[in-house]
There are 2 protein chains.
Amino acid sequence: MNNDEKGQANGGREPGFRGVEARPRNWLVPVILLSLREWNSYGYELMERASNFGFEAMNPGTLYRTLRQMEKDGVVESSWETSRGGPARRMYTITDAGRAYLDFWARSLEQYQQTMDTFFRLYTGRPLQDKPDEKK
Amino acid sequence: MNNDEKGQANGGREPGFRGVEARPRNWLVPVILLSLREWNSYGYELMERASNFGFEAMNPGTLYRTLRQMEKDGVVESSWETSRGGPARRMYTITDAGRAYLDFWARSLEQYQQTMDTFFRLYTGRPLQDKPDEKK
DNA sequence: CATATATATATGTAGAATGCACATAGAGTA
DNA sequence: TACTCTATGTGCATTCTACATATATATATG
């Protein structure tokens with residue numbers, strides 16, 4: 001709903017809505033933390049693994065910037081790995097705070113699933129409430 | 001993960017994470033459209049109805065600005081209602097494009113639910129893949 | 001009548017999230 | 001040498017959204 005191409009009413013045809021994915025904010029952070037909880041990793045590899053969560057063709061800039069911010073926030077720690085061929089890698093490790101954050105987010109996600117249920121109940125045509133009378 | 005109060009590792013205690021709700025982007029737009037699909041309404045009333053979706057204490061500015069943007073995008077239309085007591089109301093009606101947008105969003109939401117299932121499967125300890133060997 | 005309150009809509013500003021484009025650099029290989 | 005793969009980043013613009021504040025009308029209350 002935020003570009004020129006979307007355009008006017010198109011009578012119910014499949015619209016070319018961009019940026020209309022029902023994806024929560026901060027999705028990337030928990031996905032990274034979940035990956036790091038399994039095993040330590042680095043940006044380039046995390047990018048591939050993130051695609052398992054629907055982050056297809058993840059753009060590198062967003063990922064690397066997010067990782068640096070996460071380190072500032074204390075949910076991950078990093079160190080350079082230079083003991084092998086190829087460019088140096090910044091290896092990341094999840095912290096205790098990171099695990100706590102992940103748990104918190106998972107609980108929040110459960111709550112959100114209930115909200116989605118409510119949405120679908122209304123969407124599929126079973127209103128939760130009748131139209132109230134005009135007040136006063 | 002974006003404020004000073006979150007702070008450092010806290011060893012798994014319940015953290016005071018702010019803004020860490022698993023809430024999707026653009027949630028407000030479909031909620032408004034869903035409300036308007038049931039019956040025409042206006043900002044002040046929509047604000048109350050939005051609270052049914054977990055938008056507690058919605059701040060008015062966000063809602064009214066969103067409504068105006070939605071009209072620009074062609075998913076709603078509005079007209080002033082002055083034929084009654086009290087301040088004038090801007091009454092909103094959903095358009096065909098709005099209905100199309102809502103349908104699109106709902107389908108997107110279904111896709112996203114699968115992604116969440118994947119997330120929870122990993123979170124609760126059943127990895128989808130083993131750690132691959134170091135390449136090359 | 002004056003003032004307060006409820007109703008109703010809106011702007012200004014700032015910060016966070018995010019996408020897109022582009023920049024940098026090491027190591028192997030043709 | 002040039003090219004490609006691997007790997008990490010920055011700059012810029014847009015969007016989303018929270019918070020504070022402004023405006024106006026009608027009704028209730030003293």
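In what follows, chains are A, B, ... by sequence order, proteins preceding strands, each numbered from 1. Just so you know, these numbers use all the heavy atoms, side chains as well, and skip hydrogens, waters and symmetry mates.
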Under the side-chain hydrogen bond (donor to acceptor under 3.5 Å, both in side chains) rule, collect the residues that match up with [X], sequence neighbours excluded.
X	value
B:T62	B:N59
B:E71	B:S78
B:D103	A:Y123

Distance check: side-chain N/O of [X] vs OP1/OP2 of [N], anything under 4.0 Å?
X	N	value
B:N59	D:dC19	no
B:Y64	C:dT9	yes
B:Y42	C:dT9	no
A:T62	C:dT18	no
A:R90	D:dG9	yes
B:Y44	C:dA8	no

Rounding to a whole Å, what distance do you find between [X]:[atom1] and [N]:[atom2]?
X	N	atom1	atom2	answer
A:L63	D:dT6	CG	P	16 Å
A:R65	C:dC22	CZ	C1'	12 Å
A:M47	D:dC5	CE	C1'	12 Å
B:W80	D:dT25	CH2	P	11 Å
A:M91	D:dT6	CE	C1'	15 Å
B:L46	C:dA8	CG	P	12 Å
B:E81	C:dT7	CD	P	16 Å
A:L67	D:dG9	CG	C1'	11 Å

Can you name the nearest heavy-atom pair linking [X] to [Y], along with the distance?
X	Y	answer
A:Y64	A:Y44	OH-N, 3.4 Å
A:N40	A:E45	O-OE1, 4.3 Å
B:P30	B:L102	O-CD1, 3.7 Å

(Q) Applying a 4.0 Å non-hydrogen cut-off, can you work out what A:R68 is touching in the nucleic acid: base, sugar-phosphate, or nothing? (A)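 Sugar-phosphate contact only.
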**Q.** Non-neighbouring partners of B:P87 that pass side-chain contact (heavy atoms from CB on, under 4.5 Å), sequence neighbours left out
**A.**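 For B:P87, no residue satisfies side-chain contact (heavy atoms from CB on, under 4.5 Å) once neighbours in sequence are set aside.
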Atom pairs, N/O to N/O, protein against nucleotides 25-29 of chain C, distance under 3.5 Å?
none

